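Everything below concerns the one structure shown next.
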Amino acid sequence: MINVGVVGSTGRVGSLLIDDLQSDEQAQLSACHVFDELKKSVPEGTVVTNEMKVLLESSDVVIDFSAPVATESLLTEIVENGGNKPLVIATTGFNKHQQNLLLEASKKVPILYATNMSLGVAVLNKLVSLASKTLREFDCEIVEQHHRHKVDSPSGTALTLAEHAARARDLDLDSVRVSGRDGVIGARTKDEIGVMSLRGGDIVGRHTVGLYNDGEFIELHHTATSRNTFSRGAIKAAKWLVNQEPGLYSINDCLGL
Ligand SMILES: NC(=O)C1=CN([C@@H]2O[C@H](COP(=O)(O)OP(=O)(O)OC[C@H]3O[C@@H](n4cnc5c(N)ncnc54)[C@H](OP(=O)(O)O)[C@@H]3O)[C@@H](O)[C@H]2O)C=CC1
Ligand SMILES: O=C(O)C1=N[C@H](C(=O)O)C[C@H](O)C1
């Protein structure tokens with residue numbers, strides 16, 4: 001059995017992850033990191049802690065669906081204090097410092113970082129690379145829709161999709177991304193990639209990548225209808241990651257895409 005530690009265990013996804021682990025045949029919950037308190041029953045013997053060090057020591061692999069500051073303290077435990085367990089990181093909204101910390105930590109332990117744990121989005125990333133390159137003259141615009149509670153914008157998934165679209169055109173995303181239009185801003189520039197956010201209700205997650213030209217357009221949509229798609233994707237990633245060498249991996253590495 002693979003012992004899994006969870007960061008973000010009180011959260012929308014973390015809580016489902018704990019349930020999914022209870023019915024898994026190869027992985028089980030060993031430890032939960034809590035910021036405050038865990039208002040959920042967990043199997044007897046599960047370590048419940050507010051210390052990342054203890055969480056790491058109690059697990060074969062850690063899955064993180066939390067918040068950037070929480071992930072930062074998990075990564076710091078690896079980089080500065082000798083923590084040594086594989087990490088599946090699903091949290092989004094990192095700043096530059098946190099991104100660098102992720103890279104540093106991946107020199108010491110295997111880390112799979114994916115802004116979206118679904119198979120569908122992994123395939124969508126591939127389709128976007130192909131479409132963006134092949135349809136080089138088309139305007140590329142991305143729209144993401146999420147529930148009213150989501151705190152980061154644009155979504156991590158939308159940014160990853162935009163990275164794929166930009167890279168396929170040899171563009172630097174930071175130079176061409178537009179994430180808001182208001183007022184008399186002038187006509188659209190040729191290379192810009194719009195990445196726009198909509199928030200409302202209980203939308204689990206919907207991403208649309210559009211490629212628009214005169215006379216035709218195509219739109220590629222992915223809709224997550226259940227958060228279990230993410231929690232189960234992360235468990236699959238964790239089972240794969242425990243057998244890998246230190247390094248930074250993507251969900252595509254795990255899925256063989
Ligand atoms: N890669 C993927 O496939 C997916 C990624 N996500 C990402 O996962 C993250 C979590 O999403 P979601 O479950 O909806 O969010 P929630 O807000 O429901 O949960 C966040 C969790 O993080 C914990 N947390 C917040 N701050 C801290 C802190 N300082 N220290 C320790 N724990 C903390 C919260 O604890 P408490 O309850 O005590 O505040 C809670 O358990 C987001 O970044 C989201 O974008 C979400 C879905 C899919
Ligand atoms: O916060 C969410 O809910 C989600 N976050 C991830 C993101 O930022 O892309 C993945 C998914 O779309 C749900």
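From a predicted model like this one, the values you see are computed outputs, not experimental measurements. Whatever order the structure lists ligands and atoms in, that order sets their numbers, starting from 1.
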If I apply the N/O under 3.5 Å rule, does Met117 come out as touching ligand 1? yes
Can you confirm, on distance only, whether ligand 1 has an N/O atom lying under 3.5 Å from any N/O atom belonging to Phe65? no
Per the side-chain hydrogen bond (donor to acceptor under 3.5 Å, both in side chains) rule, which among Thr92, Thr115, Asn125 passes with Thr160? Thr115
Report yes if some N/O of [X] lies less than 3.5 Å from some N/O of ligand 2; otherwise report no.
| X | result |
| --- | --- |
| Lys150 | yes |
| Arg227 | no |
| Phe230 | no |

Nearest neighbour of atom 26 (N) of ligand 1 from the list Gly14, Ser9, Ala67, on a heavy-atom basis: Ala67
Residue selection (non-hydrogen contact nearest atom 9 (O) of ligand 2) among Thr157, Thr229, Ile203: Thr157
Ser155 neighbourhood, listing ligand 2 atoms whose heavy-atom distance to it stays under 4.0 Å: 7 (C), 8 (O), 9 (O)
Counting from 1 in the order shown, the ligand 2 atoms closer than 4.0 Å to a non-hydrogen atom of Thr92 are 7 (C), 8 (O)
Are more than 12 heavy atoms from other residues, nucleotides or ligands located less than 6.0 Å from atom [atom1] of [X]?
| X | atom1 | value |
| --- | --- | --- |
| Glu245 | CD | no |
| Tyr212 | OH | yes |
| Lys236 | NZ | no |
| Lys126 | NZ | no |

Looking only at heavy atoms of Lys150, does any of them come nearer than 4.0 Å to an atom of ligand 1? yes
Ala114 near ligand 1, heavy-atom distance under 4.0 Å? yes
Distance to 0.1 Å, residue and atom name: give those for the protein heavy atom nearest to [atom].
| atom | value |
| --- | --- |
| atom 7 (C) of ligand 1 | Ala90 O, 3.6 Å |
| atom 18 (O) of ligand 1 | Arg12 N, 2.8 Å |
| atom 6 (C) of ligand 2 | Thr115 O, 3.7 Å |
| atom 19 (O) of ligand 1 | Gly11 CA, 3.2 Å |
| atom 13 (O) of ligand 1 | Val13 N, 3.0 Å |
| atom 3 (O) of ligand 2 | His147 NE2, 2.8 Å |
| atom 12 (O) of ligand 2 | His146 NE2, 2.6 Å |

Contact partition for [X] relative to ligand 1, non-hydrogen atoms under 4.0 Å:
| X | value |
| --- | --- |
| His33 | side chain |
| Thr115 | backbone |
| Val69 | side chain |

Decide whether the shortest distance between a heavy atom of Leu159 and an atom of ligand 2 is less than 4.0 Å. no
May I ask whether His207 places a heavy atom under 4.0 Å from ligand 2? yes
Counting from 1 in the order shown, the ligand 1 atoms closer than 4.0 Å to a non-hydrogen atom of Gly8 are 21 (C), 22 (O), 41 (O)
Using a 4.0 Å cut-off to any heavy atom of Thr10, which atoms of ligand 1 qualify? 34 (C), 35 (O), 36 (P), 37 (O), 38 (O), 40 (C), 41 (O)
Working note: Asp24 + Lys239, criterion salt bridge (charged side-chain N to carboxylate O under 4.0 Å, His left out); need CA distance, chi angles, decisive distance, verdict. CA-CA 11 Å; Asp24 200 281; Lys239 290 177 189 169; 3.0 Å; yes
For His164 and Ser129, which heavy atoms make the closest approach, and how far apart are they? CD2-OG, 3.4 Å
Between Phe94 and Tyr113, what is the ring plane arrangement, given parallel below 30°, perpendicular above 60°, and tilted in between? tilted
Structural part of Val204 in contact with ligand 2, heavy atom criterion under 4.0 angstrom: backbone
Under a 4.5 Å cut-off applied to non-hydrogen side-chain atoms, are Leu112 and Met117 in contact? yes
